[in-house]
Each structure stands twice: as C-alpha cells, then as structure tokens.
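This report refers to the structure that appears directly beneath it.
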Amino acid sequence: MTTQITSARPAAGPRKESRRRPAASSATQVGRPGFAWALPAAVFFALFAIAPLIMVAVLSFMSWDGIGSPEFVGTDNWSRLMDDPVMLKSVWLTLLLTVLGVVLQTPLSIVLGVWAAGHQRNRAVLSVIYFLPLLLSATAVSVLWRALLDPNFGIPADAGWLFGDGNLFGEQATAIGVLAFVSTWQFTPFHTLIYQGAARAIPQVLYQAAEIDGAGRYRQFFHITLPQLRNSMITSMILMIVGGLTTFETVLILTQGGPGTDTTISAYYMYDKAFKGFDFGAGSAIALALVVAATVISLIVVRVSGYDKMRSSMEGVS
C-alpha cells in the first residue's frame, strides 16, 4: 500500500499580506511634548503678564492715589486724557522716536549683520567689540551718555566748535536727536544679531548661481540677500516698534521729559501721572493704551507684509 501525502496549497490568486498598523499614539506623538512641559511657562506668563494687565485695565476706570481705596469713575480718566494737550503731544513724540528708530536702526543692522556673517579678517574680534552695548542695561547706557554729553564736563565742553554752547538737552530738536542716537547705539547690535543669523542661513548655492550669471556683489545683495532676509526684517521691525512705544529709562535719565515737555513721550507721561502726580487711574489708562497701540501696529505690520501667510521654513520663501 502506498501512502500519498499531499501538501495544502493556498488558493490561486493574489496573495494578501496582513500589515500591522503602527499605533497612532506612538507614531503621531513622537517628538511632540505634552502640555505639562509648557505649564510652568504658562503659569509664569499668567502671573506676571496677564494678571497685571487685567489689573491695569480695571484700574484705568478707577480713581486712586495709591493710598486709599480705589473709586470707580467710569471713563473719566480716558476723557481727561483725550482733552490733555500734553498727552496728545506725547503721542506724536512717541511716534516720531519710533519712526526714527526704525529708519536709523534697520539699514545699519542689515549692513552690519550681513557683514558679520561673512569671513572677513578680524571679523570675530570686531563683532565682539561692536556687540558690547548688548551687555549693558538701558539705565547704564543712559547714565554713560548723560555723563559723556554733559555740557560742563563732557565732550561738548571740549568741542564747542561742533556742539556750540554744548547744551544738547536745552532744545527739543537736539534732545530728540540725542535720544534717537543713544537708542540706535544701544539696540542696533541686537538687531544685527538677528540679521547675522538670517544671513548665515541663506543657501550659498544662490550666490554661486548668481556669480555664474555674472552678478556682482551689489546685485547679489539687493536681489538675493535682501529678499531672503524678509522674514527677519519684519520680526526686527516689530521689535523696534514695540520697543519704541515702550521706551522709558532713556528719557527718564537723559532728559526727564524736558526741556519742558518737549521730550515727554507716552511711557514717561504715564510715569509722571502715576508716580509723581499720584494719579494711578490716568497712568493705568496710558499704559493700557500703549499695550493696545503696540498690539494693533504689530498686527498691521504682519498683515500688510504677508508675514502671517508664510509657511516655508526658508527665509523669504512663501
């Protein structure tokens, strides 16, 4: 007897293989931290930013001298500020200093940032020396330039042929010029760092292709470098605008709002109202107006520039 052994074969047709799908929880959440990681920063921001802002907003509708109990006065603080000529003047002075800061710091920061991103001789040493103002606080910088520009013992006293009587803080035009110069000297290195990092991120293949096409340095700068720095330029300008609207220490130490009220910007007028005049309601109203103005102007810049529609991680590519 012969025993016949047959092996079972699969039915004819395409062979289907079962594939195991990766768990969604492990595949989609790799490298994405949970909310617990952001909780300390969120609590810190809520305590030291959101809560004080809410308190200032509430206090702007109160009358309070800092000693007694606040008294609700409605929109009286806002009405008084709208009719206050010093407040209206401070708004224009704030806008003027902000525009001067953007106009002066932007071209200097771009040129110095692109230069610092290169490979010139002694570039590192010169960059370190130039970035020294970043190590100083606004108060230290203001005290330094107040001493250097003192009409009796500073540089103007020894250079009357250039500074005239030497009192740069005695007229509105020269006082505003000093404020714009000191702010530019202090904050240009910070924005230079922004442009330096952005310039180093530009692909070198773009410059190599431009050289093959016969483009010189100036054409490469205006047709490659500047367009690629678009995102960084918008970010830098927003920081300049917000910084210009909230400038305080420089005016407090250099001019104290003088001569008269010729350099009394909105942030200094807020300090004058609240801590000199003990009118914390009006000071809070000015502070809240500055926050709203800075937010609105920043949003306008973002919308007009199209920065909010950019999705690429490469500079200047939308």
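- Annotation for Ala157 and Pro151: closest pair CB-O, 3.5 Å, computed over non-hydrogen atoms.
- Under the 6.0 Å cut-off for aromatic ring centres, Phe181 and Trp145 qualify, their centroids lying closer than that.
- No single ILVMFWY cluster, assembled from side-chain heavy atoms under 4.5 Å apart, contains both Leu108 and Leu134.
- Among Val102, Thr247, Ile176, the one residue that satisfies the side-chain contact (heavy atoms from CB on, under 4.5 Å) test with Leu97 is Ile176.
- Aromatic ring centres of Phe222 and Tyr218: separated by at least 6.0 Å.
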Using the side chain to side chain contact (heavy atoms under 4.5 Å, CB included) rule, take Leu239 and Ile194 through it: C-alpha gap first, then chi angles, then the decisive distance, then the call.
CA-CA 11 Å; Leu239 293 175; Ile194 296 177; 4.0 Å; yes
Would Ser90 and Thr264 count as a side-chain hydrogen bond (donor to acceptor under 3.5 Å, both in side chains) if you check the C-alpha gap in whole Å, the side-chain angles of each, and the deciding distance to 0.1 Å?
CA-CA 6 Å; Ser90 70; Thr264 300; over 6 Å; no
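- The backbone N or O of Ala116 lies less than 3.5 Å from a partner atom in the side chain of Gln196, making a donor-acceptor pair.
- With a 4.5 Å cut-off on side-chain heavy atoms, Ser60 and Asn77 do not count as touching.
- Remark: Arg80 engages Asp279 in a salt bridge, criterion side-chain N to carboxylate O under 4.0 Å.
- Without hydrogens or angle criteria, Ser137 side chain to Ala140 main chain gives a donor-acceptor distance under 3.5 Å.
- Summarising the local packing, CD of Glu171 is surrounded by 12 or fewer heavy atoms from other residues, nucleotides or ligands at distances under 6.0 Å.
- For Ser232 (side chain) and Tyr195 (main-chain N/O), no donor-acceptor pair under 3.5 Å exists by modelled atom type.
- Shortest non-hydrogen contact noted between Leu179 and Val251 is CD1-CG2, 4.0 Å.
- Checked for salt-bridge contact, Lys89 and Asp84 miss the test: no charged N lies under 4.0 Å from a carboxylate O.
- Of all non-hydrogen atoms in Ile286 and Ser266, the two that sit nearest each other are CG2-O, 3.5 Å.
- Both Val58 and Leu288 are part of a single hydrophobic cluster, where members link through side-chain heavy atoms under 4.5 Å apart.
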Stepwise side-chain hydrogen bond (donor to acceptor under 3.5 Å, both in side chains) test for Thr255 and Thr263:
CA-CA 7 Å; Thr255 65; Thr263 58; 2.9 Å; yes
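- Around the CZ atom of Arg200, the shell of radius 6.0 Å holds more than 12 heavy atoms that belong to other residues, nucleotides or ligands.
- What you find for Val56 and Ala287 is that their closest heavy atoms are CG1-CB, 4.1 Å.
- Side-chain N or O atoms of Thr261 include none that pairs as donor or acceptor with a backbone N or O of Gly257 at under 3.5 Å.
- You'll find the side chain of Glu211 reaches within 4.5 Å of the side chain of Gln220, heavy atoms only.
- Between Ser109 and His191, the closest heavy-atom pair is OG-CB, 3.4 Å.
- In the hydrophobic clustering of ILVMFWY residues, with side-chain heavy atoms under 4.5 Å counting as a link, Val182 and Leu144 come out together.
- No donor-acceptor pair closer than 3.5 Å links the side chain of Trp92 to the backbone N or O of Leu96.
- Within the 3.5 Å criterion, the main-chain N or O of Trp185 finds no donor-acceptor partner in the side chain of Thr188.
- For Leu81 against Ala285, the heavy-atom pair with the smallest separation is CD1-CB, 3.6 Å.
- Here the two rings, on Phe190 and Phe131, have centers that are 6.0 Å apart or farther.
- Phe163 is listed as a side-chain neighbour of Ile155, based on a closest heavy-atom distance under 4.5 Å.
- Taking the six-membered ring where tryptophan is involved, the planes of Trp64 and Phe280 are tilted, since the angle between them lies from 30° to 60°.
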